[in-house]
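Presented below is the structure to which this report refers.
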Amino acid sequence: MTDHASGAFKWVSKPGRIREDRRFVQGRGRYVADITPPGTLHVGLVTSPYAHARITAIDTARALELDGVVAVVTGAELAKATDPLRQYLDLPGVEWRPLATEFVRYAGEWVAAVVATSRAVAEDGADLVAVDYEESAAVLDPEQAARPGSPLVHHDQGTNVMAHREFVWGDVDAAFAAAEHTVRTRVRWNRNSTVPLETFGVIAQWDADRDLLDVWASIQMPQFPEQLAHALRIPTNQVRVHFDVDVGGSYGVKRGIKHGVLTAHLSRLLNAPVKFIEDRAENMHGGDFHGPDRIFDVELAVTGEGEFTGLRMTVVDDEGAYPGRSPLQLAKPIGAIVGPYRIPCVAYTATAVTTNKTGQVAVRGFGQSPTNYAIESAVDEAARAVGLDRLEIRRRNFIQPDQFPYRIPSGTEYDSGDYPAVLDKAVALADLPDLLRHRDELRAKGLLAGLGVATCLEPGGGNAVFENIMNRKNDKSTFPEACRLRVDGDGEVTAVIAISSAGQSHDTLVATLVGEELGRDPATVAVLRADSLTGMPSQSPVGSRMTIVLGEAIHGAATELKAKLLRIAAHNLQAAEDELVYDSGDIMVASAPERRMTWADLAAVAHRKQHLMPPGVQPGLEIVHVAHTPRSGELTRPDDTVQLYPCYSFEVHLVLAVVDPGTGTVDLDRYHIAHDCGTVVNPDVVRGMVYGGTAHGIGVALYEQFAYSPEGQPLTQSFMDYLLPSTHEVPVIADVEHCTPSPYTTLGQKGAGEAGYMGAPAAVASAVNDALTAAGAPAVHSLPIKPSDVWTALKQPGGSR
């Protein structure tokens, strides 16, 4: 391992050019919408107007008569040629398909696809498809859906409960029986998502002569090529997914497996390229990309001195009509179930239910941010119950630096951290005494002002074991990443990866890490993206894992490459390998530095000078290294304990919110973050992650929600209804970094892809509730906190109005 002290690095942790920025700023990104092969056909969709109904008839005759319409495919026709999409729970009879067959189960569900020579004609054709329905009762509320006698989303299941797991680690009942205070908090995290600038897009092109399906898609999804092949009933080596396209925003939502299967089937059927780009309404109400929709009941056992002695958490999650992968998110909290606190025993009950809504997927952190919000809300309530300052109660319960690695009750070990130091940095950055004076001055002017605090973890390096937690039949235990390093005869370095780009600056990351490992200038390292057939094993950029797991693969490839160079040098310098020193690509004899071979010499020998190669050593310098996630490889233990994630970043948010008592609107006056993701690879990239995630979290806290009518109609189908924070709503953010390196990664790095978002919703809610409770009003425990919620709280007895 490399020395973790930042001063030991030549390029890592140093400011450096982000190589992707220039082409994006200049509008030279290459997205799916930019790719249109000759003869491309386009898809228009027929969607359900009902939340729940039986399809009794589909008449496509008028659509087929329209000039330019090539074909119309119904769900029944598609089902004959394809297999259902993958379910991760054991749910016999729950078939998830791109097009509905007998029933529609949410408003906006796809019923038929019209293929035409242009998107406009395809949409006109979709308007001419006549579908007859028999409407059925729908269920929208997840708690109601879980009750016996509720309308069933899937009639043959007999229940809407798709998964129910109860975990107990330690003597929870005894902890609560002995507690001087029991704090109970009920919070709601309503549906939202990342609503990226680019909707989902896909192009499929079937080559009948080669039996090869080429796919260009704006995906961020593990196992997309394999699942595509399985649903199409073709071998996996007949599907080639191209990763050299840019993804215009994702953070987990660009799954698009039903989009891919539909377009690929149509391409095979029509022997032509087929393209489908969602419009905004299709994306927002029928794209199956909503995020978690959860109700938490949290109980915290607390001593009179404010020490946390036990935790109970019950979660009901609304998966929408088809569970897919989303219930696995209920396993994520197990790896950080106590947050940064010393809580010795925990009971966790997780229930996944179906409702008549579009499906949900992993949104920025696989569901961890909602759990952080629930924990932090309970901690704030505990502070009020005990009469302690909210920062002080956190300090008293933090895991201490000398306790790492720290095993939490669920069996996961946190790798490293210094939570008090990060909190101290946040307090210093904010100038807390001045911040409190400013808050009090605002209150004196008749405004409601509140200070919000959140101290939250970001698990990083996601692996596959959460599949096993929720369904023991899933026995996958690895989530590998790979890198190919190639040095040509002139000594130029190329790194090849097999992941799509979704804005996380992977080219910069890879070049920096390769440069640091080999001692070569990152600016000279070329980074290429292979397709799914010519590339190496990859699970896509999910779970804040690229810096960790791809970093391990880069380290492994560089280590193997240097070992080969040492063999070449030892042979030519007539020295033992342990007598040699590798120095920025050159290799010298430690006791006689003048005896050396340069990087150029070594590359020339490996490629062109067989007579100087050691016997039995292959020519060329090309290494592929496949790396497991650190600390992985074990399934859930019989006692339900598990090592879930290898690394844990930490962040502290301090935010000042100002509430207008007349309108209930919230303005964020000041925002401060202290952040620790171990060794920072590129400071500007991490800062961008923190700022972007915080802006997203502000939206969750105050603005964003996918709302439905009682009949199941989506009420937020455009940005006129679904509110996003703009530059006017996101304040200037001041941030500071701290570094506690991970002992389990190559350079001490941890994950940062979900930074900011992990704590922002909790911190903003904390600020608003500090303002409300100071005015004698009750706290609001449902996100987003709308002006009407604030105004209603202020009208309660004891409120300021």
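Under 3.5 Å, the side chains of K750 and S416 contain a donor-acceptor pair of N or O atoms. Checked by atom type, the side-chain pair Y757/R364 shows no donor-acceptor distance below 3.5 Å. Using modelled atom types, one finds a donor on one side chain and an acceptor on the other under 3.5 Å when comparing Q223 with Q539. Side-chain N/O atoms of Q749 and T547 include no donor and acceptor closer than 3.5 Å. Between the side chains of S742 and Y648, no donor-acceptor pair is found at a separation under 3.5 Å. Using modelled atom types and a 3.5 Å distance limit, the side chains of N372 and S369 yield no donor-acceptor pair. Defined by atom type and a distance below 3.5 Å, a donor-acceptor pair is missing between the side-chain atoms of S500 and R529. Side-chain polar atoms of T478 and H628 form a donor-acceptor pair below 3.5 angstrom. Side chains of E20 and S501: no donor on one and acceptor on the other come within 3.5 Å. For the residue pair D418 / T740, no side-chain donor-acceptor distance below 3.5 Å is found, with atom types taken as modelled.
Classification of K425 and D676 as a salt-bridged pair fails, no side-chain N sitting under 4.0 Å from a carboxylate O. Note on E467 versus R325: salt bridge recorded, some NZ/NE/NH1/NH2 to OD/OE distance being below 4.0 Å. Using a cutoff of 4.0 Å between basic side-chain nitrogens and carboxylate oxygens, E413 and R407 are not scored as salt-bridged. A salt bridge links R637 with E634: at least one charged nitrogen is closer than 4.0 Å to a carboxylate oxygen.
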Could you go through D521 and T524, starting from their C-alpha distance and side-chain angles, then the distance that decides it, and tell me whether this counts as side chain to side chain donor-acceptor pair (under 3.5 Å)? CA-CA 6 Å; D521 186 348; T524 68; 5.5 Å; no

Tell me, with the steps shown, if E516 and K10 meet salt bridge (charged side-chain N to carboxylate O under 4.0 Å, His left out). CA-CA 7 Å; E516 191 70 46; K10 190 169 185 179; over 6 Å; no

I499 vs M546, side chain to side chain contact (heavy atoms under 4.5 Å, CB included): CA-CA, chis, key distance, verdict: CA-CA 10 Å; I499 58 174; M546 286 297 105; 3.5 Å; yes

Side chain to side chain contact (heavy atoms under 4.5 Å, CB included) between V379 and R390, intermediate numbers included: CA-CA 8 Å; V379 170; R390 286 170 295 155; over 6 Å; no

Passes side chain to side chain contact (heavy atoms under 4.5 Å, CB included), L423 versus F650? Steps please. CA-CA 10 Å; L423 180 57; F650 178 65; 5.6 Å; no

Apply the test salt bridge (charged side-chain N to carboxylate O under 4.0 Å, His left out) to residues R486 and E492: give CA-CA distance (whole Å), side-chain angles for both, the deciding distance (0.1 Å), then the verdict. CA-CA 8 Å; R486 178 179 180 271; E492 304 297 346; over 6 Å; no

Could you go step by step and tell me if R342 and Y406 meet the side chain to side chain contact (heavy atoms under 4.5 Å, CB included) rule? CA-CA 9 Å; R342 299 185 312 273; Y406 183 85; 3.8 Å; yes

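Counting only distance, with no hydrogens or angles, the side chain of E560 and the backbone of A558 share no donor-acceptor pair below 3.5 Å. The main-chain N or O of G365 is found under 3.5 Å from a side-chain atom of E754 such that the two form a donor-acceptor pair. Judged purely by atom type and a 3.5 angstrom limit, D583 has no side-chain atom pairing as donor or acceptor with the backbone of D586. T559 places a side-chain N or O within donor-acceptor distance of the main-chain N or O of H555, the cut-off being under 3.5 Å. Proximity of a side-chain donor or acceptor of K562 to a complementary backbone N or O of L518 within less than 3.5 Å is not detected. A donor-acceptor pair under 3.5 Å is absent between the side-chain atoms of N468 and the main chain of S477, judged by distance alone. The closest donor-acceptor contact from the side chain of D246 to the backbone of R30 lies under 3.5 Å.
Between M536 and V496, the shortest heavy-atom distance links the atoms CE-O, 3.1 Å. Minimum interatomic distance between V361 and V253 (heavy atoms only, all atoms of both residues): CG2-CA, 3.7 Å.
You'll find the ring centres of H653 and Y671 inside the 6.0 Å limit. Checked against a 6.0 Å centroid threshold, the rings of W169 and F167 count as neighbours. Checked against a 6.0 Å centroid threshold, the rings of Y419 and F404 count as neighbours.
When side chains are defined from C-beta on, V686 counts as touching E737, because their heavy atoms get closer than 4.5 Å.
Within a 6.0 Å sphere centred on CZ of R22, other residues, nucleotides and ligands contribute 12 heavy atoms or fewer.
Partners of A600 according to the side chain to side chain contact (heavy atoms under 4.5 Å, CB included) rule, which considers only residues two or more places apart in sequence or in another chain, are T598. Remark: S538 pairs with E481 by the side chain to side chain donor-acceptor pair (under 3.5 Å) rule, at least two apart or across chains. Residues forming a side chain to side chain contact (heavy atoms under 4.5 Å, CB included) with T371 (at least two apart in sequence, or on another chain): R294, F296, M313, P333, Q368, I375.
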